[in-house]
Amino acid sequence: METVGYILMAVAAIGTLSSTVYLGLVLAAVAKFRTESRKLLYPPVADASLPAVSMIKPVHGLEPQLRENVESFFRQDYPKFEILFGADTAEDAALEIVHEVSARYPQVSSRIIVHGVPPWPNPQTYSLHCLAKEAKYGVIVASDSDVEVAPNYLREVAAPLLKPDIAMTTCLYRGKNVGDFWSNQTAMLMSVEEPAGALVANLLEGMKFGLGPTIAVRKEALEKIGGYEKFYDYSANDFILGNLIHKAGYQVVLSSHVIDHIVNQSTFRKMLQNQLRWRVTERYCRPKGYLGMGLIFAMPFGILGFLSAGLLGAWALGTALLAWAVVNRLVEAYAVGWVVLRDRPLLRKIWLYPTRDLLGFIVWCMSFGGTKIAWRSSRFELQGERMVLRKDAGNPS
(Lines give C-alpha, C1' and ligand atoms only; values in the text may rest on other atoms or scores of the structure.)
Protein backbone atom coordinates (compact mmCIF):
# COMPACT_ATOMS: atom_id res chain seq x y z
CA MET A 1 0.00 0.00 0.00
CA GLU A 2 2.91 2.31 0.69
CA THR A 3 4.21 1.81 -2.86
CA VAL A 4 0.76 2.52 -4.26
CA GLY A 5 0.59 5.64 -2.13
CA TYR A 6 3.88 6.96 -3.50
CA ILE A 7 2.81 6.28 -7.10
CA LEU A 8 -0.50 8.06 -6.62
CA MET A 9 1.26 10.92 -4.86
CA ALA A 10 3.63 11.28 -7.85
CA VAL A 11 0.66 11.50 -10.22
CA ALA A 12 -1.01 14.05 -7.95
CA ALA A 13 2.18 16.12 -7.83
CA ILE A 14 2.50 16.14 -11.62
CA GLY A 15 -1.13 17.17 -12.04
CA THR A 16 -0.86 19.85 -9.36
CA LEU A 17 2.22 21.28 -11.07
CA SER A 18 0.67 21.21 -14.55
CA SER A 19 -2.58 22.84 -13.40
CA THR A 20 -0.56 25.51 -11.61
CA VAL A 21 1.43 26.22 -14.77
CA TYR A 22 -1.86 26.43 -16.66
CA LEU A 23 -3.20 28.92 -14.13
CA GLY A 24 -0.13 31.06 -14.77
CA LEU A 25 -0.82 30.93 -18.51
CA VAL A 26 -4.44 31.92 -17.92
CA LEU A 27 -3.42 34.95 -15.87
CA ALA A 28 -0.92 36.01 -18.57
CA ALA A 29 -3.59 35.49 -21.24
CA VAL A 30 -6.07 37.64 -19.30
CA ALA A 31 -3.52 40.45 -19.14
CA LYS A 32 -2.86 40.18 -22.89
CA PHE A 33 -6.58 40.21 -23.72
CA ARG A 34 -7.21 43.34 -21.67
CA THR A 35 -4.30 45.13 -23.33
CA GLU A 36 -5.37 44.12 -26.84
CA SER A 37 -9.01 44.99 -26.14
CA ARG A 38 -8.08 48.57 -25.30
CA LYS A 39 -6.14 48.84 -28.56
CA LEU A 40 -9.15 47.55 -30.56
CA LEU A 41 -11.49 50.08 -28.95
CA TYR A 42 -9.35 53.19 -29.32
CA PRO A 43 -9.45 55.47 -31.10
CA PRO A 44 -13.23 55.11 -31.65
CA VAL A 45 -14.32 54.63 -35.27
CA ALA A 46 -16.64 57.28 -36.73
CA ASP A 47 -20.03 56.07 -37.98
CA ALA A 48 -19.24 57.11 -41.54
CA SER A 49 -16.24 54.77 -41.59
CA LEU A 50 -17.97 51.65 -40.27
CA PRO A 51 -18.72 48.97 -42.89
CA ALA A 52 -22.29 47.96 -43.71
CA VAL A 53 -23.06 44.60 -42.11
CA SER A 54 -25.29 41.62 -42.93
CA MET A 55 -26.12 39.67 -39.78
CA ILE A 56 -27.12 36.06 -40.50
CA LYS A 57 -28.88 33.98 -37.88
CA PRO A 58 -30.25 30.43 -38.27
CA VAL A 59 -33.23 29.71 -36.00
CA HIS A 60 -34.78 26.40 -35.05
CA GLY A 61 -37.80 26.12 -32.80
CA LEU A 62 -38.65 27.89 -29.58
CA GLU A 63 -35.66 28.33 -27.31
CA PRO A 64 -35.47 29.87 -23.85
CA GLN A 65 -35.45 33.67 -24.01
CA LEU A 66 -35.67 33.63 -27.83
CA ARG A 67 -37.66 36.87 -27.97
CA GLU A 68 -35.08 38.77 -25.91
CA ASN A 69 -32.24 37.24 -27.91
CA VAL A 70 -33.72 38.23 -31.27
CA GLU A 71 -34.66 41.71 -30.10
CA SER A 72 -31.13 42.42 -28.88
CA PHE A 73 -29.93 42.22 -32.50
CA PHE A 74 -32.52 44.77 -33.64
CA ARG A 75 -31.39 47.23 -30.97
CA GLN A 76 -27.91 47.76 -32.35
CA ASP A 77 -26.30 51.20 -32.18
CA TYR A 78 -24.90 50.90 -35.70
CA PRO A 79 -25.37 53.03 -38.81
CA LYS A 80 -26.17 50.43 -41.51
CA PHE A 81 -27.03 46.76 -41.15
CA GLU A 82 -29.53 44.09 -42.12
CA ILE A 83 -30.61 40.89 -40.36
CA LEU A 84 -31.31 37.64 -42.21
CA PHE A 85 -33.02 34.76 -40.41
CA GLY A 86 -32.87 31.22 -41.78
CA ALA A 87 -35.26 28.33 -41.09
CA ASP A 88 -35.91 24.87 -42.51
CA THR A 89 -39.65 25.49 -42.96
CA ALA A 90 -42.06 28.42 -42.91
CA GLU A 91 -43.86 26.69 -40.02
CA ASP A 92 -40.86 26.85 -37.69
CA ALA A 93 -42.17 28.17 -34.35
CA ALA A 94 -39.24 30.58 -34.03
CA LEU A 95 -40.41 32.56 -37.05
CA GLU A 96 -43.54 33.77 -35.24
CA ILE A 97 -41.30 35.52 -32.73
CA VAL A 98 -39.05 36.86 -35.51
CA HIS A 99 -42.12 38.35 -37.26
CA GLU A 100 -43.36 39.85 -34.00
CA VAL A 101 -40.05 41.47 -33.10
CA SER A 102 -39.25 42.72 -36.61
CA ALA A 103 -42.67 44.43 -36.76
CA ARG A 104 -41.66 46.54 -33.75
CA TYR A 105 -38.47 47.69 -35.51
CA PRO A 106 -39.58 48.73 -39.02
CA GLN A 107 -36.48 50.92 -39.36
CA VAL A 108 -34.28 47.80 -39.34
CA SER A 109 -33.96 45.90 -42.61
CA SER A 110 -34.72 42.23 -41.95
CA ARG A 111 -35.61 39.20 -44.03
CA ILE A 112 -36.54 35.55 -43.49
CA ILE A 113 -35.02 32.90 -45.75
CA VAL A 114 -36.78 29.53 -45.76
CA HIS A 115 -34.13 27.24 -47.23
CA GLY A 116 -35.76 23.83 -46.83
CA VAL A 117 -34.52 20.76 -45.01
CA PRO A 118 -30.71 20.90 -44.99
CA PRO A 119 -29.19 18.35 -47.43
CA TRP A 120 -25.74 18.70 -45.85
CA PRO A 121 -24.52 16.67 -42.85
CA ASN A 122 -24.14 19.85 -40.78
CA PRO A 123 -27.56 21.58 -40.87
CA GLN A 124 -26.30 24.81 -39.32
CA THR A 125 -23.57 25.19 -41.93
CA TYR A 126 -26.16 24.77 -44.69
CA SER A 127 -28.34 27.48 -43.17
CA LEU A 128 -25.37 29.84 -42.90
CA HIS A 129 -24.48 29.07 -46.53
CA CYS A 130 -27.97 29.96 -47.75
CA LEU A 131 -28.07 33.16 -45.71
CA ALA A 132 -24.58 34.25 -46.79
CA LYS A 133 -25.62 33.96 -50.44
CA GLU A 134 -28.47 36.41 -49.77
CA ALA A 135 -26.35 38.90 -47.79
CA LYS A 136 -26.14 42.36 -49.41
CA TYR A 137 -23.14 43.75 -47.59
CA GLY A 138 -19.41 43.09 -47.51
CA VAL A 139 -19.20 42.10 -43.84
CA ILE A 140 -21.10 39.04 -42.61
CA VAL A 141 -21.74 38.52 -38.90
CA ALA A 142 -22.98 35.02 -38.09
CA SER A 143 -24.45 34.28 -34.68
CA ASP A 144 -26.37 31.56 -32.88
CA SER A 145 -30.02 31.93 -31.94
CA ASP A 146 -29.35 31.34 -28.23
CA VAL A 147 -27.21 34.43 -27.63
CA GLU A 148 -28.07 37.90 -26.38
CA VAL A 149 -25.93 40.95 -27.18
CA ALA A 150 -25.54 44.55 -26.03
CA PRO A 151 -26.30 47.55 -28.30
CA ASN A 152 -22.59 48.14 -28.96
CA TYR A 153 -22.08 44.54 -30.18
CA LEU A 154 -21.92 45.22 -33.93
CA ARG A 155 -19.72 48.26 -33.47
CA GLU A 156 -17.14 46.27 -31.52
CA VAL A 157 -17.06 43.16 -33.72
CA ALA A 158 -17.08 44.99 -37.07
CA ALA A 159 -14.67 47.88 -36.44
CA PRO A 160 -11.47 45.73 -36.38
CA LEU A 161 -12.30 44.51 -39.92
CA LEU A 162 -11.45 47.98 -41.25
CA LYS A 163 -7.79 46.99 -40.93
CA PRO A 164 -6.76 45.30 -44.21
CA ASP A 165 -4.91 42.41 -42.55
CA ILE A 166 -7.85 41.46 -40.30
CA ALA A 167 -10.54 39.41 -42.03
CA MET A 168 -12.35 37.85 -39.08
CA THR A 169 -13.30 38.61 -35.51
CA THR A 170 -14.87 36.32 -32.94
CA CYS A 171 -16.22 36.82 -29.41
CA LEU A 172 -15.82 35.38 -25.97
CA TYR A 173 -19.09 34.53 -24.25
CA ARG A 174 -20.39 33.97 -20.74
CA GLY A 175 -23.03 31.45 -19.78
CA LYS A 176 -26.34 32.99 -18.75
CA ASN A 177 -28.17 30.40 -16.68
CA VAL A 178 -31.96 30.49 -17.02
CA GLY A 179 -32.38 26.98 -15.60
CA ASP A 180 -31.33 25.15 -12.45
CA PHE A 181 -28.25 23.49 -10.95
CA TRP A 182 -27.33 21.46 -14.03
CA SER A 183 -27.67 24.50 -16.28
CA ASN A 184 -25.40 26.33 -13.90
CA GLN A 185 -22.71 23.69 -14.43
CA THR A 186 -22.76 24.40 -18.17
CA ALA A 187 -22.94 28.15 -17.57
CA MET A 188 -19.75 27.93 -15.49
CA LEU A 189 -18.14 25.92 -18.28
CA MET A 190 -18.97 28.74 -20.70
CA SER A 191 -17.84 31.48 -18.34
CA VAL A 192 -14.54 29.98 -17.20
CA GLU A 193 -13.31 26.75 -18.77
CA GLU A 194 -14.11 27.53 -22.43
CA PRO A 195 -12.95 31.17 -22.49
CA ALA A 196 -9.82 30.24 -20.51
CA GLY A 197 -8.88 27.80 -23.26
CA ALA A 198 -9.49 30.40 -25.97
CA LEU A 199 -7.49 33.03 -24.09
CA VAL A 200 -4.52 30.69 -23.59
CA ALA A 201 -4.61 29.71 -27.28
CA ASN A 202 -4.61 33.40 -28.17
CA LEU A 203 -1.63 33.92 -25.87
CA LEU A 204 0.46 31.04 -27.19
CA GLU A 205 -0.26 31.09 -30.92
CA GLY A 206 -2.80 33.78 -31.71
CA MET A 207 -6.33 33.14 -32.92
CA LYS A 208 -6.48 30.42 -35.56
CA PHE A 209 -10.11 29.46 -35.02
CA GLY A 210 -13.54 30.95 -34.39
CA LEU A 211 -15.99 30.68 -31.51
CA GLY A 212 -19.44 29.67 -32.73
CA PRO A 213 -21.76 32.12 -30.96
CA THR A 214 -20.37 34.99 -33.09
CA ILE A 215 -18.10 35.18 -36.11
CA ALA A 216 -17.70 38.34 -38.18
CA VAL A 217 -15.92 37.88 -41.50
CA ARG A 218 -15.26 39.93 -44.60
CA LYS A 219 -17.26 38.44 -47.48
CA GLU A 220 -14.30 38.55 -49.85
CA ALA A 221 -12.23 36.44 -47.44
CA LEU A 222 -15.07 33.95 -47.01
CA GLU A 223 -15.32 33.59 -50.80
CA LYS A 224 -11.56 33.24 -51.12
CA ILE A 225 -11.52 30.13 -48.92
CA GLY A 226 -14.43 28.59 -50.85
CA GLY A 227 -17.38 29.73 -48.76
CA TYR A 228 -19.35 27.57 -46.36
CA GLU A 229 -19.41 24.79 -48.98
CA LYS A 230 -15.76 24.18 -48.14
CA PHE A 231 -16.69 22.57 -44.83
CA TYR A 232 -20.26 21.43 -45.41
CA ASP A 233 -19.76 18.19 -43.45
CA TYR A 234 -17.44 19.40 -40.69
CA SER A 235 -18.84 19.27 -37.18
CA ALA A 236 -16.99 22.34 -35.83
CA ASN A 237 -17.70 24.90 -38.56
CA ASP A 238 -16.59 27.75 -36.30
CA PHE A 239 -13.17 26.21 -35.70
CA ILE A 240 -12.64 25.30 -39.37
CA LEU A 241 -13.73 28.70 -40.68
CA GLY A 242 -11.22 30.53 -38.51
CA ASN A 243 -8.53 28.01 -39.34
CA LEU A 244 -9.04 28.40 -43.10
CA ILE A 245 -9.11 32.20 -42.84
CA HIS A 246 -5.80 32.08 -40.96
CA LYS A 247 -4.24 29.70 -43.50
CA ALA A 248 -5.36 32.03 -46.31
CA GLY A 249 -3.02 34.68 -44.88
CA TYR A 250 -5.54 36.78 -42.98
CA GLN A 251 -5.56 37.67 -39.31
CA VAL A 252 -8.24 36.49 -36.88
CA VAL A 253 -8.71 38.56 -33.72
CA LEU A 254 -10.60 38.14 -30.49
CA SER A 255 -13.09 40.98 -30.14
CA SER A 256 -13.34 42.98 -26.95
CA HIS A 257 -17.09 42.34 -26.87
CA VAL A 258 -18.51 39.62 -24.62
CA ILE A 259 -21.91 38.11 -25.35
CA ASP A 260 -24.40 36.18 -23.22
CA HIS A 261 -24.94 32.53 -24.16
CA ILE A 262 -28.30 31.34 -22.83
CA VAL A 263 -28.25 28.01 -20.98
CA ASN A 264 -31.30 26.00 -19.96
CA GLN A 265 -30.55 22.33 -19.41
CA SER A 266 -33.08 20.94 -16.99
CA THR A 267 -31.59 17.50 -16.41
CA PHE A 268 -28.20 15.92 -15.81
CA ARG A 269 -28.64 13.88 -19.01
CA LYS A 270 -29.17 16.95 -21.19
CA MET A 271 -26.22 18.71 -19.62
CA LEU A 272 -23.95 15.71 -20.11
CA GLN A 273 -25.12 15.16 -23.69
CA ASN A 274 -24.41 18.78 -24.55
CA GLN A 275 -20.96 18.85 -22.99
CA LEU A 276 -19.95 15.53 -24.51
CA ARG A 277 -20.85 16.86 -27.97
CA TRP A 278 -18.48 19.79 -27.46
CA ARG A 279 -15.69 17.66 -26.07
CA VAL A 280 -15.88 14.87 -28.65
CA THR A 281 -15.88 17.48 -31.42
CA GLU A 282 -12.93 19.26 -29.84
CA ARG A 283 -11.06 15.98 -29.53
CA TYR A 284 -11.22 15.52 -33.28
CA CYS A 285 -10.41 19.14 -34.12
CA ARG A 286 -7.30 19.41 -31.93
CA PRO A 287 -6.27 15.83 -31.04
CA LYS A 288 -2.77 16.58 -29.69
CA GLY A 289 -3.79 19.54 -27.58
CA TYR A 290 -6.90 17.75 -26.39
CA LEU A 291 -4.91 14.82 -25.06
CA GLY A 292 -2.94 17.16 -22.81
CA MET A 293 -6.12 18.86 -21.64
CA GLY A 294 -6.40 16.32 -18.82
CA LEU A 295 -3.48 18.03 -17.08
CA ILE A 296 -5.12 21.47 -16.82
CA PHE A 297 -7.71 20.40 -14.25
CA ALA A 298 -6.83 20.95 -10.59
CA MET A 299 -9.49 19.29 -8.44
CA PRO A 300 -8.93 15.66 -9.53
CA PHE A 301 -5.25 15.94 -8.62
CA GLY A 302 -6.01 17.76 -5.38
CA ILE A 303 -8.39 14.98 -4.33
CA LEU A 304 -5.89 12.33 -5.44
CA GLY A 305 -3.15 14.08 -3.47
CA PHE A 306 -5.34 14.20 -0.36
CA LEU A 307 -6.16 10.47 -0.56
CA SER A 308 -2.64 9.31 -1.43
CA ALA A 309 -1.15 11.44 1.34
CA GLY A 310 -3.64 9.81 3.69
CA LEU A 311 -2.34 6.38 2.68
CA LEU A 312 1.15 7.58 3.63
CA GLY A 313 -0.04 9.15 6.88
CA ALA A 314 0.82 12.66 5.65
CA TRP A 315 -2.55 14.31 6.17
CA ALA A 316 -1.13 17.81 6.44
CA LEU A 317 0.44 17.50 2.99
CA GLY A 318 -2.78 16.04 1.57
CA THR A 319 -4.85 18.86 3.02
CA ALA A 320 -2.44 21.40 1.55
CA LEU A 321 -2.68 19.84 -1.93
CA LEU A 322 -6.48 19.79 -1.82
CA ALA A 323 -6.65 23.35 -0.50
CA TRP A 324 -4.34 24.58 -3.26
CA ALA A 325 -6.49 22.87 -5.88
CA VAL A 326 -9.54 24.75 -4.60
CA VAL A 327 -7.66 28.08 -4.49
CA ASN A 328 -6.27 27.44 -7.98
CA ARG A 329 -9.75 27.03 -9.45
CA LEU A 330 -11.21 29.99 -7.57
CA VAL A 331 -8.42 32.24 -8.86
CA GLU A 332 -8.99 31.04 -12.43
CA ALA A 333 -12.75 31.52 -12.14
CA TYR A 334 -12.31 35.05 -10.80
CA ALA A 335 -9.69 36.05 -13.39
CA VAL A 336 -11.67 34.78 -16.39
CA GLY A 337 -15.26 35.01 -15.20
CA TRP A 338 -15.02 38.41 -13.56
CA VAL A 339 -11.91 40.29 -14.73
CA VAL A 340 -12.54 39.41 -18.40
CA LEU A 341 -16.23 38.54 -18.70
CA ARG A 342 -17.80 40.57 -15.87
CA ASP A 343 -20.13 37.69 -15.06
CA ARG A 344 -21.90 38.78 -11.84
CA PRO A 345 -23.97 35.58 -11.37
CA LEU A 346 -20.76 33.56 -11.56
CA LEU A 347 -19.15 35.81 -8.97
CA ARG A 348 -22.00 35.09 -6.56
CA LYS A 349 -21.61 31.32 -7.03
CA ILE A 350 -17.87 31.18 -7.54
CA TRP A 351 -17.51 28.79 -4.60
CA LEU A 352 -19.19 26.15 -6.80
CA TYR A 353 -16.56 26.30 -9.53
CA PRO A 354 -14.33 23.54 -8.05
CA THR A 355 -17.26 21.13 -8.60
CA ARG A 356 -17.37 22.26 -12.24
CA ASP A 357 -13.65 21.56 -12.58
CA LEU A 358 -14.12 18.03 -11.28
CA LEU A 359 -17.08 17.47 -13.62
CA GLY A 360 -15.04 18.83 -16.51
CA PHE A 361 -12.37 16.20 -15.90
CA ILE A 362 -15.00 13.45 -15.81
CA VAL A 363 -16.51 14.64 -19.11
CA TRP A 364 -13.02 14.80 -20.63
CA CYS A 365 -12.43 11.16 -19.67
CA MET A 366 -15.83 10.12 -21.05
CA SER A 367 -15.18 11.87 -24.36
CA PHE A 368 -12.68 9.15 -25.32
CA GLY A 369 -15.43 6.54 -25.17
CA GLY A 370 -17.06 7.03 -28.56
CA THR A 371 -17.63 9.01 -31.73
CA LYS A 372 -21.38 9.64 -31.59
CA ILE A 373 -22.76 13.08 -30.79
CA ALA A 374 -26.29 14.46 -30.41
CA TRP A 375 -27.38 17.88 -31.61
CA ARG A 376 -30.97 19.06 -31.22
CA SER A 377 -33.13 16.10 -32.35
CA SER A 378 -30.49 14.52 -34.60
CA ARG A 379 -27.78 11.95 -34.01
CA PHE A 380 -24.43 12.00 -35.76
CA GLU A 381 -21.21 10.05 -35.86
CA LEU A 382 -17.80 11.59 -36.38
CA GLN A 383 -15.10 10.22 -38.63
CA GLY A 384 -12.21 12.55 -38.11
CA GLU A 385 -13.62 16.07 -38.11
CA ARG A 386 -16.57 15.18 -40.33
CA MET A 387 -20.19 14.36 -39.54
CA VAL A 388 -21.27 11.30 -41.49
CA LEU A 389 -24.28 9.66 -39.88
CA ARG A 390 -27.23 11.54 -41.42
CA LYS A 391 -28.76 9.32 -44.12
CA ASP A 392 -30.28 12.32 -45.93
CA ALA A 393 -26.92 14.13 -46.14
CA GLY A 394 -25.53 14.73 -49.57
CA ASN A 395 -22.86 16.78 -51.28
CA PRO A 396 -23.32 20.50 -51.85
CA SER A 397 -24.70 21.31 -55.25
Side-chain angles (χ1 to χ4, degrees), residues 12-42 156-157 160 163 165-166 168-175 188-211 213-214 238-239 242-243 246 251-259 261 278-279 282 285-286 288-302 321 323-344 346-347 350 353-354 356-358 360-361 364:
I14 292 171
T16 299
L17 177 61
S18 63
S19 62
T20 301
V21 170
Y22 183 72
L23 175 61
L25 291 174
V26 169
L27 297 178
V30 167
K32 178 185 178 182
F33 175 77
R34 287 171 62 84
T35 300
E36 291 182 343
S37 294
R38 287 191 287 268
K39 291 179 180 178
L40 288 174
L41 291 174
Y42 297 103
E156 293 191 357
V157 301
K163 297 181 179 180
D165 57 329
I166 298 176
M168 177 176 149
T169 60
T170 191
C171 288
L172 295 175
Y173 50 90
R174 56 188 161 239
M188 288 191 292
L189 163 69
M190 292 180 174
S191 291
V192 182
E193 193 174 314
E194 288 290 297
L199 288 167
V200 170
N202 185 43
L203 171 72
L204 297 179
E205 59 182 11
M207 293 300 292
K208 298 180 181 179
F209 56 91
L211 299 171
T214 282
D238 51 353
F239 177 88
N243 196 249
H246 171 76
Q251 187 177 350
V252 179
V253 299
L254 198 54
S255 169
S256 58
H257 195 85
V258 178
I259 63 178
H261 199 308
W278 292 344
R279 289 294 174 245
E282 187 177 351
C285 287
R286 308 187 74 175
K288 293 181 181 178
Y290 189 78
L291 189 61
M293 184 180 176
L295 293 173
I296 72 172
F297 299 98
M299 290 306 300
F301 299 107
L321 288 171
W324 170 241
V326 172
V327 170
N328 182 321
R329 294 300 91 169
L330 294 179
V331 171
E332 180 183 331
Y334 181 84
V336 177
W338 177 247
V339 175
V340 173
L341 304 184
R342 291 298 191 223
D343 189 337
R344 289 188 181 278
L346 172 73
L347 198 61
I350 198 169
Y353 187 70
R356 165 60 231 170
D357 185 71
L358 183 59
F361 180 77
W364 176 80

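Using modelled atom types, one side-chain atom of Ser18 and one backbone atom of Gly15 make a donor-acceptor pair closer than 3.5 Å. Panel note: side chain Arg34, backbone Val339; a donor-acceptor pair is recorded below 3.5 Å. A donor-acceptor distance shorter than 3.5 angstrom exists from the side chain of Arg342 to the backbone of Trp338, with no hydrogens or angles considered.
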**Study point:** side chain to side chain contact (heavy atoms under 4.5 Å, CB included) assessment of Phe209 paired with His246
**Key:** CA-CA 8 Å; Phe209 56 91; His246 171 76; over 6 Å; no

**Study point:** Derivation of the side chain to side chain contact (heavy atoms under 4.5 Å, CB included) call for Tyr173 and Leu211
**Key:** CA-CA 9 Å; Tyr173 50 90; Leu211 299 171; 4.3 Å; yes

Practice item. Begin from the C-alpha positions of Ile296 and Leu23 and carry the test side chain to side chain contact (heavy atoms under 4.5 Å, CB included) through to its verdict. Key: CA-CA 8 Å; Ile296 72 172; Leu23 175 61; over 6 Å; no

**Study point:** Pair Thr214-Thr170, side chain to side chain contact (heavy atoms under 4.5 Å, CB included): steps then yes or no
**Key:** CA-CA 6 Å; Thr214 282; Thr170 191; 5.6 Å; no

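The side-chain heavy atoms of Tyr22 and Leu295, taken from C-beta on, include no pair separated by under 4.5 Å. Leu172 places a side-chain heavy atom less than 4.5 Å from the side chain of Leu199. Considering only heavy atoms from C-beta on, Leu347 comes within 4.5 Å of Tyr334 through its side chain. Within the 4.5 Å cutoff, the side chain of Val327 has heavy atoms near those of the Val331 side chain. Side-chain contact check for Leu358 versus Pro300: some heavy-atom pair is nearer than 4.5 Å. Counting only heavy atoms from C-beta outward, the side chains of Cys171 and Val258 never approach each other to under 4.5 Å. Taking the side chain as every heavy atom from C-beta outward, Arg356 and Val192 never approach each other to under 4.5 Å.
Residues Pro354 and Val326 share a closest heavy-atom pair of CG-CG1, 4.1 Å. Here the closest non-hydrogen pair linking Pro213 and Ile259 is CB-CD1, 3.4 Å. Annotation for Val252 and Gly242: closest pair CG2-O, 3.8 Å, computed over non-hydrogen atoms. The two atoms that bring Ala333 and Leu346 nearest to each other are O-CD2, 3.9 Å, heavy atoms only. Between Val157 and Thr169, the closest heavy-atom pair is O-OG1, 2.7 Å. Between Ser255 and Leu40 the shortest heavy-atom distance is CA-CD1, 4.4 Å.
Residues that satisfy the ring-ring contact (aromatic ring centres under 6.0 Å, His included) test with Tyr353, not counting sequence neighbours, are absent from this structure. Looking at residues two or more places apart in sequence or on another chain, you find a side chain to side chain donor-acceptor pair (under 3.5 Å) between Glu156 and Asn152, Ser256, His257. The side chain to side chain donor-acceptor pair (under 3.5 Å) check on Asn243 picks up Lys247, with sequence neighbours excluded. By the salt bridge (charged side-chain N to carboxylate O under 4.0 Å, His left out) test, Lys32 pairs with Glu36, sequence neighbours left out. Phe361 meets the ring-ring contact (aromatic ring centres under 6.0 Å, His included) test with Phe297, Trp364; sequence neighbours excluded. Listed by chain and residue number, Arg329 satisfy the salt bridge (charged side-chain N to carboxylate O under 4.0 Å, His left out) test with Asp357 (two or more places apart in sequence, or in another chain).
Remark: Trp324 CH2 to Thr20 OG1 distance equals 5.5 Å, nearest 0.5 Å. Distance check: Arg174 CZ to His261 NE2 gives 13.0 Å after rounding to the nearest 0.5 Å. From Met168, atom CE reaches atom CG of Leu254 across 10.0 Å, with rounding to the nearest 0.5 Å.
One finds a salt bridge joining Glu194 and Arg279 here, because a Lys/Arg side-chain nitrogen approaches an Asp/Glu carboxylate oxygen to under 4.0 Å.
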